[in-house]
Visitor: 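Input: one structure, supplied below.
This one's a predicted model, so the numbers in the text were calculated from it and none came from an experiment.
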Amino acid sequence: MAEEKPELSYEQARDELTDVVRRLEAGGLTLEESLALWERGERLAAICGEWLEGARARLAAAMAERAEPTERPENAPF
């Protein structure tokens, strides 16, 4: 099963999430508008989380690869 990529980049989701928070904090919205924005914010936060988890996994894999000792031939001088 292939992993599905989020529809937005991390930066796009983060920027939109910042806007959602700003609009919610400003107030003046109806209850329905507030709920819709909150739900969108939850989806955006999940997208950001997916990107960050993917980045952590890639970094961990790269660090593990660097930490693996390289094998030398048995007749190597050192």
Visitor: So, does W51 use its side chain to make a donor-acceptor pair with the main chain of L8 at under 3.5 Å?
Guide: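 At least one qualifying donor-acceptor pair exists.
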
Visitor: Output all residues satisfying salt bridge (Lys or Arg N to Asp or Glu O under 4.0 Å) with R22, sequence neighbours left out; order by chain, then residue number.
Guide: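 Salt bridge (Lys or Arg N to Asp or Glu O under 4.0 Å) check on R22 returns D19.
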
Visitor: Got a list of side-chain donor-acceptor pairs under 3.5 Å for residues 30-38, not counting sequence neighbours?
Guide:
{"residue": "T30", "atom": "OG1", "partner": "E33", "partner atom": "N", "Å": "3.0"}
{"residue": "T30", "atom": "OG1", "partner": "E33", "partner atom": "OE1", "Å": "3.3"}
{"residue": "E33", "atom": "OE1", "partner": "T30", "partner atom": "N", "Å": "2.8"}
{"residue": "S34", "atom": "OG", "partner": "T30", "partner atom": "O", "Å": "3.1"}

Visitor: Using the test salt bridge (Lys or Arg N to Asp or Glu O under 4.0 Å), find all partners of R40 that sit at least two apart in sequence or belong to another chain.
Guide: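 Once residues adjacent in sequence are excluded, the partners of R40 under the salt bridge (Lys or Arg N to Asp or Glu O under 4.0 Å) criterion are E16.
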
Visitor: Of all residues at least two apart in sequence or in a different chain, which pass the side-chain hydrogen bond (donor to acceptor under 3.5 Å, both in side chains) check with Q12?
Guide: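 Q12 satisfies side-chain hydrogen bond (donor to acceptor under 3.5 Å, both in side chains) with S9 once adjacent residues are dropped.
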
Visitor: How far does OH of Y10 sit from CG of D15, to the nearest 0.5 angstrom?
Guide: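 The CG atom of D15 is 9.0 Å from OH of Y10, to the nearest 0.5 Å.
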
Visitor: Could you list who else is in M63's hydrophobic cluster, with ILVMFWY side chains joined at under 4.5 Å, directly or through other members?
Guide: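 Grouped by the 4.5 Å side-chain rule, M63 forms a cluster of one, so the answer is none.
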
Visitor: What is the distance from atom OG1 of T18 to atom CZ of R23, rounded to the nearest 0.5 Å?
Guide: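 Between T18 OG1 and R23 CZ, I get 13.0 Å after rounding to 0.5 Å.
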
Visitor: Mind checking salt bridge (Lys or Arg N to Asp or Glu O under 4.0 Å) for E11 and listing every partner two or more places apart, or none if nothing turns up?
Guide: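 Salt bridge (Lys or Arg N to Asp or Glu O under 4.0 Å) check on E11 returns nothing, list empty.
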
Visitor: Just verifying a value: how many Å separate L52 CG and I47 CD1, rounded to the nearest 0.5 Å?
Guide: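 L52 atom CG to I47 atom CD1 measures 12.0 Å (nearest 0.5 Å).
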
Visitor: What's the separation between atom CD in E53 and atom CZ in R58, rounded to the nearest 0.5 Å?
Guide: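 Those atoms lie 13.5 Å apart.
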
